[in-house]
Amino acid sequence: MLKNITVSCAPHISQPLSTRRVMVDVIIGLVPAIVAAGYYFRIYALILIPTCVISAVATEWLCNLIRKKPNPLESLGDFSAVVTGIILALSLPPGLPIWTAVIGSAFAIAVGKMVFGGLGANIFNPAMVGRAFLTACFGVLMTTWTVPATIDTTMPKIAADNKVHARTQATPLAWSKQAIKTKKGAHAVNAQFKSTFTGEIGGCLGETSALALFIGGLYLIVKRTINPHIPLAVLISTVVFANIGSMINPNAYIRPMSHLCSGGMLLCVFFIATDPVTAPLTIKGMWIFGIGVGTITMLIRIVGEYPEGVMYAILLMNAVTPLIDRFCKLVPAGGEPNV
Amino acid sequence: MDTLNILLMGFISIVIVNNLVLTKFLGICPYLGVSGRIDMAFGMGMAVTFVVTLSGTLTWLIDHLILMPMGLEVTRYVCFILVIAGAVQLVEMYLRKFFPTLYESFGIFLPLITTNCAILGLCLFINLWGIDNLLEAVVLSFGAGIGFTMAICIMAGIRENLNLADVPECLKGAPITLITAGLLTLGFMGFAGMIR
Amino acid sequence: MLNMKINTKGRFTFPGGTHPPQSKDLTAESKIQPVPVGKQVAVMLSQHIGAVCQPLVRQGNMVQAGQKIGDCDAFVCAPVHSPITGKVKEIALRSHAVLGRSLAIVIDAYAYNPTKRPCPGFKDDLDENNYSAEQICNAVRQAGIVGMGGAGFPTRVKIEPNPRLPKETLIINGCECEPYITSDYRIMLEWTNQIIAGTKLARKASGCSKVFIGIEDNKPEAIEVMNTALKTHANNDDIKVVPVRTKYPQGGERQLIKAILKKDVPTGGIPPMIGVVALNVATVAAIAEAVVFDSPLTHRVVTVTGEAIANPGNFYVPIGTSVEELIEFCGGVTQKSAKVILGGPMMGIAIADLKTPITKTTNAVTVLTKKQIGRAKFARRQTPCIRCGRCLEVCPENLNPTKIAHAVKNNLLDVAENYYISGCMECGCCSYVCPANIELTGYIKTGKIFLAEQKKKKPE
Amino acid sequence: MANEADTAGRYKQTLLAGLWRENPVFRLLLGMCPTLAVTAALKPALTMGLCVIFVMLCSNIVVSLMRNLLKPHLRILMFTLTIATFVTIADLFLKAFQPRMSEILGPYVPLIIVNCIIICRAEACASKNALSLSIIDALGMGVGFTLTLCVLAGIREILSTGAIWEVAILPAGFVPWAAMRMPVGAFITLGLLLGLVNAASKKKT
Amino acid sequence: MSKIKHFVRQSWLLIVASFCFGLLIAIANAAWSPIIEQNKIDKLNSLMSGLLSKAQRFEMEAELEIKSAKGKKVKSNIYKAISDANTCVGWAFNCEGPGFQDKIELVVAVDKDFERITGFSVLASNETPGFGDKIKLPYYRNQFEGAPAEKLQLVKTGDVEKIDSEIVAISGATVSSEAVVEIINNSIIQIKDQMKGKGLIGNGK
Amino acid sequence: MILADILELWNSAWPAGLTMLGLGSGFAVVLLIASEKLKVEVDPKIEQIHEALPNLDCGACGFAGCGQYAKAILENPELLGKCAPGGQQASEKIAEILSLQISNSGAPKRPIVHCRAHTEDKTYYAIYQGIPTCISANALPNVQACKFGCLGFGDCVSACKFDALHMVDGLAAVDYGKCTGCSACSKACPRDLIEMVPFSQENMMTVACSSKENGKATRAMCKVGCIACGLCAKQTDIFSVEDNLARLNYEKYKPTDKEETAMEKCPTGVILYCGKNAPEPRQPAKKAAAPKA
Ligand SMILES: Cc1cc2nc3c(=O)[nH]c(=O)nc-3n(C[C@H](O)[C@H](O)[C@H](O)COP(=O)(O)O)c2cc1C
Ligand SMILES: Cc1cc2nc3c(=O)[nH]c(=O)nc-3n(C[C@H](O)[C@H](O)[C@H](O)COP(=O)(O)O)c2cc1C
Ligand SMILES: Cc1cc2nc3c(=O)[nH]c(=O)nc-3n(C[C@H](O)[C@H](O)[C@H](O)COP(=O)(O)O)c2cc1C
Ligand SMILES: Cc1cc2nc3c(=O)[nH]c(=O)nc-3n(C[C@H](O)[C@H](O)[C@H](O)CO)c2cc1C
Ligand code: SF4
Ligand code: SF4
Ligand code: SF4
Ligand code: SF4
Ligand code: FES
């Protein structure tokens, strides 16, 4: 009477949740930042984001082909390459030439992800790997910041002949670095807080608008796509270090709020540090990771030579994530078994 | 205060900024070979730290007390390698005979070290950098060992995780370790310029 | 209805856990219905944890309903009885839900076999002091009572006083956290007095001084009914009904103990280590029947449910009836059924051979439709773990399921042991929530089997 | 006759072994440090390779000559001493006649001493075989090592400067990938190359 | 006695070999060390003469000790550039200081009155390829040719063509640019003072 | 003139030579003394293996030097072949040393899979959708009807390091040409189907079934299972039927006509040959097929 029944081990039902769903949520969370990028950087966003996404996806497909996966298109279905592409694009300077973005995305996916075995296996955040590689290769291109269209009305609306028209401007963090060196001028950076909050300032595509990032981050937290522990840990440690700085010398070190809203901090807090694949599994581990990211970022921003250290902080903490996981082993509910 | 500062900066610099493995490419063989498990990696790191401190100090002394005054710098390489090899072998035999437990936990790594260029490399770098102060030489050598330990432990942690991953067959083992090391150096670039 | 309002909202719970859809309304209102004896039953000689029974009858022997047909001398063992009157056809291998194939006594029913009715009528007047602890224990053993909540541990062993592990607290487990199943719920509603009687007897036998009846707060009627009935009983001061929060696997004894007593049972340990005995409501009901009426455990309540079943309901089934017969009794299946599960969808065992007989531990037969398992993970493809940590979050045992499962998958059993694979109770929460559809529980189970086998092979 | 052909075949095999089947870098994973350190450009890589060939050749010759006189417990010490001597000579030579290369290679020349390939060949081949075979072996291994270095260096130099052997070959619009000259480039290029070699050799067998 | 015999039997080869090797090294050294020395001098000379085109030869004039910015003492050699006509056409000296990653060593040349810098050359540096190593490019270096031998200033934007005490930083390598300026600033003033003290140059007009 | 040159060279060279001499002899003394004074006794087998390794202590094997690797190999011969510098040569030598340790008395043991049911021979009640390994499938009841037969997910195949096992239509088949007799497969099989049997002949006869069901049940589940009819045991006493299953006594097995007859008589064809050149087993349907030469 019963034909074609199936067997497998328990449980036999599951939550209607999939990797794809999680990734789509992240993409939805990124929409405000994308919109802000489009608003402030116009044609650049329009070019850069699709470029990165397409080349990331294409690279993943190629890698699958090379690995002779039976179905090379399959792993594209989980949209993780799309997320990587978007996040990479959002962390690039707006005026970056297309070919650079292609190299970055290809490197991010091929070396950052696929050589480790694809989704879930990578040790380092692929987008940050791509960005770090680009920074190491094409440092000057990666530190040329185009002014937002709302300020620079001459920004081309259609043509992408960027070198000619683009006006460039330093970022708040560069001024902050200057302030640290000259021990004056932090106030001027603080005064720009409103621009850093709305995003009307130079910087990477997706990092300028703190507001948009915050909305997206809140969405992810509410949807329980990300755990609030890492964002909290990063934010708290950043604020602590920034406070120490501005307490020592308010002329040299900018205020904590300015630190939070400038540079890649919020993008990192909500979208990059929370990349589950490269972050620790346990809650204790997440706190260590978050505090580590915040601390290293602030160390680089305050003591180091670069204006921004988010990317390096992420990569470094990614590297120690396995160690964190190992040393934050969970103790089973009934305590250690006494064998 | 000043010397302390210099020592501290030197130490941090060689641990992080000028890490032997990640920036000077020294000791790659054990880095690839013994980074499979954390306990092994840690034992190796400890052994390297011990030997590198010992030989850094010894070679500095020999260089400054014997070779330089006597104008025998040409025989530097030979002397260095012989001193290192001899010292390591002696320590190994000694541990093995008298401290078997210590030997088991880190002494077993000692023979690996003679052919590890981190040791000789460091001695040469100390010489190259013109360190003319014994204390500094000791601290730098010790720091180099700690830097090696750190790098190899991080790598071991990563590799333990990679054991559970579907790394392409042809990249398993040394290739993926090298690539990971490469990405690790990308991360360590963040510290560049922090200490000068 | 009552003058005093009973709080049915559960505050107590354990960390972790998840909320699968309940699907209990399919059968929640269906009264326990006796099932007539079919043509044949196959009584498994192994229906519990512990030593396998030896047959006491041979091929061709005639047996009476309630006759002991298998037993053994081991301490951890419970005898089996024939639920029907008939003739032993053979003693042969039959499909077994856990063991695959195992020896069963196959009995052909005689034509005259009255349908046994449940609940021979308990009132609120049982005085457990009429029975000595020893008497109760013996009756429980003779009746072949084993835990009916799932594991099937011989109940006598559980309730017998043990000088090394003195018992203080008795917990009656009426949570029934598994989706779909309502057998315990119906028992609590319909056999309330019997449960209380059994509880008192178990308390007497085990010498416990405190008794808690844990019921999930999605069963407010059961909580109310139990509370009301308790009031009319004598000697009820130390028996408390505790509403606990509805969350899977609230019914796991470790979780229930954590929820009610705020105590952890040591990993790899058992509740008696902290002075607790946990018994399922069906088990205590069986105790009452065994002690008072001297009636062996030959029938049990089984929920036959699932969207594919024509007439789902709760049934009083002779042990040894085949699943096939039972499903037919319920009118067969209506939709394309895809999976037949002994137990609920979270922990139950999917069976392939529908001739598999019901045993003392079968509390439900759930038939899932194709659509349901299409939505469930195993028909879908597994994707790689994204280390989202959801499985760690829900694991009631606070384990690291993904690490353990991946260690097993890669044959690194020492790593799996290092992450306490043995602490897993296979509740299935981790697999349930995993967005990557990884069969974490399956891998963990595999690893445990592997390890057990390794240990078995080692001494050689 | 047959014997002669046999020996010739053996020589050929030994020579080829170092190039592919037992390539020190790709197959034996030895001498990784210089491989990574000196391959930012083709010139230093070639220089390094030649030094290794020289040292390996000399040490193999010496070891092979002394092979019957070696005492076990002093064997490795003896090898080290021999190698260190020739490395010193090579270093002096470079300093004298290739000062620029000597500067670029810096301490990596003396580090040849601890390069496992050389001691490995001394132990595995020269201490067991006659002079001629030892020489062939040293040449095979040395050339194999040098070629590997050159391949790696070629890739890195092209990408990092658009030039090879300091002669620009890529079009002027090419923006050099500075990272290829940094440690990142070294590690990743070698890693990927190793993977490639693994894949290729899998296919063959 | 027998022990010694035993020892000799075991180790004679090692002893003999080490003696021979020692000789070998020493001979090589003896033969090549003049060339090596010459190389060093040549390099310095060529660097310096690149900076002081009129100079025919250089003579070491003094060995001074200056304090680095961090308070460390470093040695500096002062060379006198002598023209065909045997007149002093300028001075060159080496100096060092912290760069972005590691030490930067420079050779700086000034005119004979220590008034104008005629240029500088990087002796050794370890700056990031593509970033800091741009201090070697003429684009940056040319700004120093003819700059006054006094405190130079680094500015972020300016005219690179204009020669004055303002040095325009390389964008993306401000730190290294600054380091060079700082090293030069630091040493040039101290050396100037010390040389004045020694009477090597006039006490200014 | 030349003499003067040489003299000059000598003058500048002798201190270096002397230093080296001093160093060399110094170390020779120290090491000689140390090697005698600080000697530690080690297992001679380890010593032997250690000798066979190149003694480079390069760490490529993943162990802390050759000594440790030698020790590890002795404990776990599966680790053989990790020494890159030593290469094939060293591995072979060590294998030799190791095989000397293993008593080579008696015939070499080779695995025999005690099942001959391919997918089409078996009865299935359900479709298995779980983890595709035998051990997982074995944990569920009745993934296939026969509880004793090969599950066909190839745990044994992945256990074999020598590529000597393959899945053929849902049944594990040993490639006796490649098998080294390491018994890894036998340990891996959750159903204990693979037995290590002393191969006294090149081809061994076997009863390729493990079913302890009675004849009727076996028939219902498997086209080729042993139905315990006892025909084989009637031919020769090296067959015996126990627990509804015929077994062959491998110790006593010698290829004679009697066994051949038993094989032909077997109604289901479960008696067959295994080995390097084993003939194709008889198809059960063609009961009356011509006897093999
Ligand atoms: C996610 C993210 C990470 C970043 N990480 C770094 C970094 O590690 N280093 C860096 O120099 N800039 C990084 N940036 C760019 C900075 O946020 C900022 O735009 C830039 O550093 C401004 O610096 P400048 O002063 O070098 O011009 C990152 C940007 C994003 C969006
Ligand atoms: C995950 C899990 C869920 C369980 N759920 C229930 C349940 O809902 N009701 C129940 O009575 N027993 C449940 N059990 C079984 C109990 O842990 C325990 O075995 C039982 O209450 C003991 O009573 P018994 O011996 O009378 O069966 C569950 C066990 C596990 C591991
Ligand atoms: C990978 C990397 C390497 C760098 N290396 C150097 C360097 O060697 N020297 C230097 O001055 N700046 C270097 N920088 C740039 C500094 O971080 C810093 O951004 C710069 O000095 C600020 O100068 P700007 O205002 O001209 O951009 C490097 C940047 C990156 C990303
Ligand atoms: C919350 C969340 C954050 C993510 N952040 C990143 C990211 O920063 N960079 C990235 O490459 N992929 C990100 N991903 C996508 C995915 O995890 C990533 O591609 C994997 O690291 C690839 O294995 C994210 C995914 C999620 C769910
Ligand atoms: S729930 Fe699944 S995807 Fe998430 S960590 Fe656990 S195993 Fe991985
Ligand atoms: S099945 Fe095991 S590991 Fe998974 S949630 Fe339950 S107890 Fe934890
Ligand atoms: S695992 Fe071992 S015994 Fe089994 S087939 Fe392979 S080589 Fe033979
Ligand atoms: S022989 Fe055993 S391990 Fe091998 S496939 Fe069959 S059941 Fe699995
Ligand atoms: S070459 Fe082997 S450690 Fe460096």
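Below, read A as the first sequence line, B as the second, and so on, with proteins coming before strands; counting in each chain starts at 1.
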Discussion item. Does any backbone or side-chain atom of B:L124 lie under 4.5 Å from a heavy atom of chain D? Answer side chain, backbone, both or neither.
Written reply: side chain

Worksheet, complete the sentence: When the 4.5 angstrom heavy-atom criterion is applied to D:L36 and chain B, the contacting part is both

Fill in: chain D contact via B:L82 - side chain, backbone, both or neither, heavy atoms under 4.5 Å
side chain

Discussion item. For a side chain to side chain contact (heavy atoms under 4.5 Å, CB included) check, start with the C-alpha distance between D:F187 and B:I28, then their side-chain angles and the critical distance, and finish with the verdict.
Written reply: CA-CA 10 Å; D:F187 279 115; B:I28 300 292; 3.9 Å; yes

Fill in: Closest non-hydrogen atom pair, D:L194 against B:A174
CD1-CB, 4.1 Å

Worksheet item: Closest heavy-atom contact between B:G27 and D:C33?
Response: N-SG, 3.3 Å

Item to complete: Report, as yes or no, whether the 6.0 Å neighbourhood of atom CZ on B:R37 holds more than 12 heavy atoms from other residues, nucleotides or ligands.
Response: no

Worksheet entry | Which atoms of B:F188 approach chain D - backbone, side chain, both or neither, heavy atom under 4.5 Å | neither

Worksheet item: Where do B:I179 and D:L192 land on the side chain to side chain contact (heavy atoms under 4.5 Å, CB included) test, with the steps shown first?
Response: CA-CA 7 Å; B:I179 293 172; D:L192 292 178; 3.6 Å; yes

Worksheet entry | Nearest heavy-atom neighbours spanning D:A199 and B:C170 | N-CB, 3.7 Å

Discussion item. If I take atom CD1 from residue D:I113 and atom CD1 from residue B:I81, how far apart are they, to the nearest 0.5 angstrom?
Written reply: 5.5 Å

Discussion item. Are there residues of residues 161-169 of chain B whose heavy atoms fall under 4.5 Å of chain D's heavy atoms? If so, which?
Written reply: B:E169

Response to the item:
In this structure, CG of D:L111 is separated from CZ of B:F25 (nearest 0.5 Å) by 13.0 Å

Worksheet item: Any idea which heavy atoms bring D:G195 and B:L171 closest together, and the distance?
Response: CA-CD2, 3.6 Å

Worksheet item: How far apart are the closest heavy atoms of B:C117 and D:V114, and which atoms are they?
Response: CB-CG2, 3.2 Å

Worksheet item: If you check every heavy atom in residues 85-109 of chain D against those of chain B, which residues fall under 4.5 Å?
Response: D:T85, D:T88, D:D91, D:L92, D:K95, D:P107, D:Y108

Discussion item. Counting neighbours of CZ on D:F54 that are heavy atoms of other residues, nucleotides or ligands and sit closer than 6.0 Å, is the number greater than 12?
Written reply: yes

Discussion item. Under 4.5 Å from any heavy atom of chain B, what part of D:A186 do you find: side chain, backbone, both or neither?
Written reply: side chain

Worksheet item: What pairs with B:R76 under side-chain hydrogen bond (donor to acceptor under 3.5 Å, both in side chains), at least two apart in sequence or on another chain?
Response: B:D63, B:N127

Worksheet, complete the sentence: Comparing D:G191, D:A84, D:A179 against chain B, the one with the most heavy-atom pairs below 4.5 Å turns out to be D:G191

Worksheet entry | Set of residues satisfying salt bridge (Lys or Arg N to Asp or Glu O under 4.0 Å) with respect to B:E136, sequence neighbours excluded | none

Practice prompt. Report the distance from atom CG of B:L178 to atom OG1 of D:T35, rounding to the nearest 0.5 Å.
Written response: 10.0 Å

